[in-house]
Amino acid sequence: MSETVHKPTLYSAVQPSGTITIGNYIGAIRNFKLLSDEYDCLFCMADLHALTVRQNPADLRRRTAELAALYIACGLDPEKNIIYAQSHVHQHAELAWILNCFTYMGELNRMTQFKEKSLKHADNINAGLFTYPVLMAADILLYQTNVVPVGADQKQHLEICRDIANRFNGVYGNVLTIPEPYIAKTSAARIMSLNDPTSKMSKSGEVDSYISVVDDPDTIRRKLRRAVTDSDGEIRLDPENKPGVTNLITICAAMRGCTPEEVCQELQGKGYGALKDATAEAVISVLSPIQEEYKRLISDKQYISDVLKSGAERASYLANRTLRKVYKKVGLYQG
Ligand code: TRP
């Protein structure tokens, strides 16, 4: 009798609330396609999370489709991986409710992201913003996830997810798998903002601070030409004293698939202009084929809609198994 071999499950979600930057690409997305051999992967468009701040409805809808197209254009196979929108799988909101009842106000109050977002959106500190980590825990726990690739900004959220799951299991037995952070085998390069290279490149920064995966070649050249450097004129790695130059070298090397040292060697004695040009051309050559594929996919509305529909069906099947178990354990009448 043949046995199905279960690979561990990897869960990742991104809010469809902006664009994808080359930081996301280098740090996460380009590695995802390799991970799908080793893990059963789910890639979620966290559209419910996006609602914790005001969204223009048409933009949110469009960005959800764009994000799906972008994932696929970056090489994620929608048959091998489950690519879906969070709102299409009703079990997320349902498990989030149950988990709300296993989460303390004090815990949520300590979340640094909540504090930051409350300051940024002082006119709209809604309960969804407060319980955001509980919905995120539901996302992860619904699929009995083993690993979650998280950046530094989401570490605390994964930690509370583990706390909630352990608390639940403490009462009802081993119902929920405790997820671990995914640690990349090769430490991923950290890509910094172009105009403030001491902070991380982010889609919520100023438009000139990041390069979007869909920026055209002229925009990429312009943004890199304006990138902040320093005045000593030497091309070398020095994150402390030369964060801007180090960032450019890092981007260039990541895009070329070589080491930062090789970039430095090649450009030794040249000016920052040469480094910026080399970086721009490296970025453009990686992004061009992705953008071409992206344009083709985004114009095929039916295809994207089919991918999301099938992703939601597959996700829903898995999610339902966990939710039923949870409902039963907590004592909801099952008939
Ligand atoms: N909060 C994450 C972010 O903004 C997105 C997210 C939602 C997520 N649900 C998740 C990430 C589950 C990992 C796992 O980046």
Side-chain angles (χ1 to χ4, degrees), residues 8-21 23-25 27-29 31-32 35 39-53 55 60 63-64 67-68 70-71 76 81-96 99-100 103 108 111-118 120-121 128-165 176-184 188 190-191 200-205 210 311-312 315 318-319 322:
T9 297
L10 180 143
Y11 191 89
S12 170
V14 175
Q15 292 189 46
S17 54
T19 182
I20 295 268
T21 72
N24 305 127
Y25 179 75
I29 297 173
N31 308 311
F32 285 167
L35 293 176
Y39 295 94
D40 284 330
C41 298
L42 292 107
F43 297 106
C44 169
M45 263 66 66
D47 52 358
L48 295 176
H49 275 110
L51 294 178
T52 54
V53 301
Q55 300 288 339
L60 179 59
R63 283 183 176 138
T64 304
L67 186 56
L70 209 48
Y71 269 161
L76 297 185
N81 304 288
I82 299 182
I83 300 177
Y84 75 105
Q86 189 183 28
S87 65
H88 294 180
V89 180
H90 57 81
Q91 288 88 349
H92 287 252
E94 293 176 75
L95 183 61
L99 298 180
N100 266 323
T103 308
L108 293 174
M111 295 289 117
T112 49
Q113 195 171 82
F114 172 68
K115 291 186 213 167
E116 281 166 18
K117 286 196 180 169
S118 304
K120 203 167 152 194
H121 306 278
L129 204 56
F130 189 62
T131 60
Y132 180 113
V134 184
L135 179 60
M136 183 163 155
D139 298 343
I140 297 167
L141 299 173
L142 268 180
Y143 301 97
Q144 306 290 346
T145 298
N146 301 98
V147 291
V148 185
V150 279
D153 60 328
Q154 297 297 318
K155 273 219 173 92
Q156 205 183 21
H157 287 163
L158 185 59
E159 220 25 70
I160 195 175
C161 168
R162 290 164 54 87
D163 290 344
I164 297 168
L176 303 169
T177 303
I178 310 298
E180 303 284 339
Y182 173 79
I183 313 284
R190 205 168 134 79
I191 305 302
K200 194 180 137 185
M201 182 180 283
S202 157
K203 64 183 174 187
S204 50
Y210 63 81
L318 299 170
T322 303

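Residue numbers start at 1 and run along the sequence shown. First listed ligand is number 1; within each ligand, the first listed atom is number 1. Below, all heavy atoms of this structure are taken into account, side chains as well, without hydrogens, waters or symmetry copies. In this text, all values refer to a predicted model and were calculated from it rather than measured experimentally.
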- Given K200 and D153, is the salt bridge (Lys or Arg N to Asp or Glu O under 4.0 Å) satisfied, shown in steps? CA-CA 10 Å; K200 194 180 137 185; D153 60 328; 3.7 Å; yes
Results of side-chain contact (heavy atoms from CB on, under 4.5 Å) for A138 - residues two or more places apart only =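 Listed in chain order: L95, A96, L99.
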query = Can you list the residues that meet the side-chain contact (heavy atoms from CB on, under 4.5 Å) rule with L108, with sequence neighbours excluded?
reply =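 L108: side-chain contact (heavy atoms from CB on, under 4.5 Å) contacts with T103, F130, T131, P133, V134, I160.
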With sequence neighbours left out, write down each residue that passes ring-ring contact (aromatic ring centres under 6.0 Å, His included) with H157, or none if nothing qualifies.
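Listed in chain order: Y132.
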Subject >> Amino acids in close contact with ligand 1, where any non-hydrogen atom sits under 4.0 angstrom away >> reply: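 Near ligand 1, by chain and number: Y11, A13, Q15, A46, H49, Y132, M136, D139, I140, V148, Q154.
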- For the pair H92 and Y11, name the ring-plane relationship: parallel under 30°, tilted 30 to 60°, perpendicular over 60°.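 Taking Y11 first and then H92, their aromatic rings sit tilted (interplane angle of 30° to 60°).
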query: Looking at SG of C44 and CD1 of I82, how far apart are the two atoms once the value is rounded to the nearest 0.5 Å?
result: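 Rounded to the nearest 0.5 Å, the SG-CD1 separation comes to 11.0 Å.
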